[in-house]
Amino acid sequence: MADQATEDFLAHRNLLFTVAYEMLGSAADAEDVVQETWLRWAGVDLGEVRDRRAYLVRITTRQALTRLRTLGRRKESYVGSWLPEPLLTAPDVADDVALAESVSMAMLLVLETLTPTERAVFVLREVFDVGYDEIAETVERTPVAVRQIAHRARAHVAARRPRRTVPAAEARDALDAFRRAVETGDLDGLLRVLAPDAVLVGDGGGIKQALARPVTGGDKVARLLAGGWSRIAAVASMEPAQVNGYPALLVRLDGELDTVVAIRLDDGRISGLYAVRNPEKLSRMTRETTLRR
């Protein structure tokens with residue numbers, strides 16, 4: 001039975017990582033949760049388990065909920081703005097539009113505004129299509145309560161998520177225009193691609209220099225970026241990559257990865273720029289991560 005337990009776990013490992021990552025926004029913590037799931041799964045009597053996939057997801061969600069509450073306390077003492085840990089994702093993630101949207105930087109930041117239980121219910125129901133009864137058992141609430149939580153979380157997310165799902169080609173076009181404008185110091189070009197209320201958020205984690213607080217306003221963001229790039233242009237480069245299921249940019253200084261820039265797109269213009277510089281959050285950018293629903 002030990003071999004069967006290992007086989008079942010490995011068959012669903014990418015799914016379990018995806019669940020944990022969507023719950024936590026941290027690949028490092030998601031990996032820890034998956035490991036904890038394995039330790040608990042290894043001690044389960046498989047003869048008593050009706051649906052092994054559901055059981056594994058339940059263990060993972062409960063472990064992620066426990067860690068999410070710890071993460072909340074950690075974020076309170078985080079230096080500067082906190083952004084999710086970016087993932088270099090495999091091309092097939094973009095083929096699953098719902099999955100790509102659910103792990104996008106913009107959506108993960110929306111999920112940050114939910115309570116831990118709301119986040120668990122939303123992720124399980126909306127992303128992984130888990131039934132209400134199973135979710136109720138997982139979060140230890142009644143099915144009626146879970147339906148109410150799901151309704152509340154869905155409304156909360158709908159009010160804050162991007163207004164529509166953005167095709168990858170549209171995101172690539174916006175990023176190409178943004179990159180050309182930054183590299184050439186084209187302020188007018190930046191103002192055309194940035195929304196009037198665009199927000200730039202930087203995460204250095206107190207290790208790398210980053211914005212002390214978000215900068216709001218297309219004009220302010222454009223001038224900051226154009227001026228900043230001119231100072232490092234001699235040693236800097238930008239290249240496209242697929243990050244968290246969507247087109248993004250990798251900024252290198254002297255050939256070394258320095259910053260991952262993800263975007264939020266609304267009505268064809270960039271409304272959010274998320275620049276992750278904290279080196280502790282860039283370890284997953286050296287290899288593709290496989291995500292599954």
salt_bridge(Asp176, Arg172) N-O dist < 4.0 Å | no

Arg293/Asp129 salt bridge by N-O under 4.0 Å criterion | no

Sidechain-backbone polar pair: Arg69 side chain, Ala64 backbone, donor-acceptor under 3.5 Å = no

Do the side chain of Arg269 and the main chain of Leu265 share a donor and acceptor less than 3.5 angstrom apart?
-> no

Looking only at heavy atoms, which two atoms of Leu191 and Ala222 are closest? And how far apart?
-> CD2-CB, 3.9 Å

Gly204 backbone acceptor or donor facing Gln209 side chain under 3.5 Å | no

Strictly by modelled atom types, are Arg292 and Thr18 linked by a side-chain donor-acceptor pair under 3.5 Å?
-> no

Presence of salt bridge, Arg179 and Glu239, under 4.0 angstrom = no

Exercise answer: donor-acceptor pairs, residues 138-152 side-chain atoms, under 3.5 Å, sequence neighbours excluded:
unit_1: Thr138; atom_1: OG1; unit_2: Glu134; atom_2: O; d: 2.9
unit_1: Thr142; atom_1: OG1; unit_2: Ala145; atom_2: N; d: 3.0
unit_1: Arg152; atom_1: NE; unit_2: Glu118; atom_2: OE2; d: 2.9

Verify the neighbour count for atom NZ of Lys75: are there more than 12 heavy atoms of other residues, nucleotides or ligands below 6.0 Å?
-> yes

Is it true that a side-chain atom of Lys281 and a backbone atom of Asp203 form a donor plus acceptor pair closer than 3.5 Å?
-> no

Arg164 bridged to Glu170 by N-O distance under 4.0 Å = yes

Heavy-atom closest contact (Ala94 atom, Gln242 atom, distance) | CB-OE1, 3.3 Å

With Arg125 as the cation and Tyr132 as the aromatic partner, state whether NZ or CZ is under 6.0 Å from the six-membered ring centre and within 45° of the axis.
-> yes

Listed by chain and number, what are the salt bridge (Lys or Arg N to Asp or Glu O under 4.0 Å) partners of Asp51, not counting sequence neighbours?
-> none

Give, for atom NZ of Lys208 and atom CG of Asp258, the distance between the pair rounded to the nearest 0.5 Å.
-> 4.0 Å

Should the pair Asp254-Arg252 be classified as a salt bridge under the 4.0 Å nitrogen-to-oxygen rule?
-> no

Please check if any side-chain donor atom of Glu288 sits under 3.5 Å from a side-chain acceptor atom of Thr89, or the reverse.
-> no

How far does CG of Asp92 sit from OG1 of Thr290, to the nearest 0.5 angstrom?
-> 6.5 Å

Measure centre to centre between the rings of Trp41 and Phe9, then say whether the value is under 6.0 Å.
-> no

If only atom types and distance count, is the side chain of Arg119 paired as donor or acceptor with the main-chain N or O of Glu22 below 3.5 Å?
-> yes

Between CZ of Arg287 and CG of Leu87, what distance do you get to the nearest 0.5 Å?
-> 9.5 Å

Working to the nearest 0.5 Å, report the span between CZ of Phe17 and CD of Glu31.
-> 5.0 Å

Taking Thr66 for the side chain and Arg62 for the main chain, is one N or O donor matched with an acceptor at less than 3.5 Å?
-> yes

OG of Ser102 to CZ of Phe128: how many Å apart, nearest 0.5 Å?
-> 6.0 Å

Not counting sequence neighbours, which residues clear salt bridge (Lys or Arg N to Asp or Glu O under 4.0 Å) with Arg40? List them please.
-> none

What's the verdict on salt bridge (charged side-chain N to carboxylate O under 4.0 Å, His left out) for Glu137 and Arg58, showing C-alpha distance, side-chain angles and the deciding distance?
-> CA-CA 8 Å; Glu137 190 171 351; Arg58 189 187 314 159; 3.3 Å; yes

With distance as the sole criterion, is a donor-acceptor pair present between the side chains of Tyr55 and Asp8 under 3.5 Å?
-> no

Is there side-chain contact between Arg53 and Leu56, with heavy atoms separated by less than 4.5 Å?
-> no

Quick one: closest heavy-atom pair of Pro84 and Leu109, and the distance?
-> CD-CD2, 3.7 Å

Minimum heavy-atom separation for Met238 to Trp229, with atom names?
-> CG-CH2, 3.7 Å

First locate atom CD of Glu7, then atom CZ of Arg52, and finally report the distance between them rounded to the nearest 0.5 Å.
-> 9.0 Å

Donor-acceptor under 3.5 Å (Asn244 side chain, Pro86 main chain) | no

